[in-house]
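FYI, side chains are in, hydrogens and waters are out, and symmetry mates aren't considered; it's all heavy atoms of this structure.
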Amino acid sequence: MGPRVSIQTEDFDLSTEVAKLRLQDQRVGAVCSFIGTVRDRNDGQSVSTMELEHYPGMTEKSIEAMIDEALQRFDLFGVRVIHRVGLLQPLDQIVLVAVTSAHRGESFQACEFLMDYLKTQAPFWKKEQTPDGARWVDARVSDDAALARWGIEARNG
């Protein structure tokens, strides 16, 4: 099995990543994946590009800790998280979360847990280019509420 976390500028292929995650693991009865993409609008304004930055080493360590937490909460066999950085356009893939387990319930919950964490706690900085100029994107209150239902308080700022 390959790495659990990749931070990269290049795009990813869902089929390839799921195949690697499932490789020769006959216990797998469920695979759940989520792909996030760049939207052309945010908060009512058009978005022409999004630039994502991260803190190398710290970001990977944070996501690894989040995966460890997911493995304690859910009965998972494999986890793969890919997050892209750099300059992205609308329709570009930003993030992949994929998990394997014996049953769908664990996979669905774990995938949602990991995305809720990524949206609020992983150290990424997003800057959107709008008709009014560039702006930094903050986590939404709804993202914090999604994380809170797992018993985790958002660390903002």
Side-chain angles (χ1 to χ4, degrees), residues 1-23 31-71 73-74 76 78-100 107-150 152-157:
M1 178 144 9
R4 298 190 312 183
V5 176
S6 295
I7 309 299
Q8 60 194 47
T9 55
E10 61 274 3
D11 201 4
F12 53 85
D13 178 70
L14 175 63
S15 296
T16 301
E17 296 303 328
V18 168
K20 285 191 266 184
L21 199 56
R22 294 180 56 202
L23 189 64
V31 177
C32 186
S33 63
F34 173 85
I35 295 177
T37 60
V38 178
R39 294 183 305 267
D40 68 347
R41 298 195 70 72
N42 190 21
D43 291 335
Q45 283 207 308
S46 65
V47 173
S48 59
T49 62
M50 176 181 282
E51 188 169 3
L52 287 98
E53 298 177 7
H54 77 298
Y55 193 104
M58 183 175 82
T59 302
E60 292 87 344
K61 185 177 177 181
S62 173
I63 297 171
E64 286 284 354
M66 168 195 66
I67 291 171
D68 289 341
E69 177 71 21
L71 291 169
R73 289 172 179 248
F74 309 101
L76 303 176
V79 177
R80 181 76 167 118
V81 174
I82 299 174
H83 208 298
R84 294 180 65 197
V85 293
L87 190 63
L88 300 171
Q89 311 289 324
L91 301 177
D92 285 350
Q93 299 182 130
I94 303 173
V95 62
L96 166 70
V97 172
V99 300
T100 59
S107 286
F108 280 125
Q109 287 185 319
C111 198
E112 194 167 17
F113 170 81
L114 290 166
M115 269 313 304
D116 287 346
Y117 185 98
L118 274 168
K119 286 285 288 183
T120 59
Q121 302 303 290
F124 289 100
W125 295 270
K126 299 176 186 177
K127 184 169 49 174
E128 295 175 334
Q129 197 64 42
T130 72
D132 294 337
R135 67 179 181 190
W136 292 99
V137 179
D138 292 324
R140 293 179 170 83
V141 171
S142 60
D143 293 330
D144 292 345
L147 188 65
R149 72 190 165 112
W150 302 105
I152 299 174
E153 188 174 324
R155 296 183 313 263
N156 294 320

Open item on the list: Which residue in the set Arg4, Glu10, Glu17 passes side chain to side chain contact (heavy atoms under 4.5 Å, CB included) when paired with Ile82?
Closed with: Glu17
Open item on the list: Distance check, rounded to the nearest 0.5 Å: Phe74 atom CZ versus Gln109 atom CD?
Closed with: 5.0 Å
Open item on the list: Please enumerate all residues that pass side chain to side chain donor-acceptor pair (under 3.5 Å) together with Ser33, with sequence neighbours excluded.
Closed with: none
Task: Any side-chain heavy-atom pair of Phe124 and Ile7 under 4.5 Å - done: yes
- [ ] Enter the distance from Leu14:CG to Phe34:CZ here, rounded to the nearest 0.5 Å.
- [x] 12.0 Å
TODO: Without swapping roles, check the side chain of Ser62 against the backbone of Ala122 for a donor-acceptor pair under 3.5 Å.
DONE: no
Please tabulate, one pair per line, all N/O donor-acceptor pairs under 3.5 Å involving side-chain atoms of residues 87-98, not counting sequence neighbours.
{"unit_1": "Asp92", "atom_1": "OD2", "unit_2": "Gln89", "atom_2": "N", "d": "2.7"}
{"unit_1": "Gln93", "atom_1": "NE2", "unit_2": "Asp11", "atom_2": "OD1", "d": "2.7"}
{"unit_1": "Gln93", "atom_1": "NE2", "unit_2": "Phe12", "atom_2": "O", "d": "2.9"}

Task: Pairing residues for Asp40 by the salt bridge (Lys or Arg N to Asp or Glu O under 4.0 Å) criterion, not counting sequence neighbours - done: none
TODO: For Arg22, enumerate each residue passing the salt bridge (Lys or Arg N to Asp or Glu O under 4.0 Å) test, keeping only those at least two apart in sequence or located in another chain.
DONE: none
Task: Met66 and Leu118, any side-chain heavy atoms less than 4.5 Å apart - done: yes
TODO: Flag the pair Ser6 / Arg80 as yes when at least one side-chain heavy-atom distance between them is below 4.5 Å, and no otherwise.
DONE: yes
Task: Summary of side chain to side chain donor-acceptor pair (under 3.5 Å) pairs that have at least one residue in residues 50-60, sequence neighbours excluded - done: none
Task: Gap between atom CE of Met58 and atom CD1 of Ile63 - 0.5 Å precision - done: 10.5 Å
Open item on the list: Testing the basics here: between Val99 and Ser107, what is the closest heavy-atom pair and its distance to 0.1 Å?
Closed with: CG2-O, 3.4 Å
TODO: Mind checking the CD-CG spacing from Glu128 to Leu52? Nearest 0.5 Å is all I need.
DONE: 9.5 Å
Task: Nearest-0.5 Å distance, OG1 of residue Thr9 to CZ of residue Arg84 - done: 7.5 Å
- [ ] Under the side-chain contact (heavy atoms from CB on, under 4.5 Å) rule, collect the residues that match up with Thr16, sequence neighbours excluded.
- [x] Asp13, Lys20
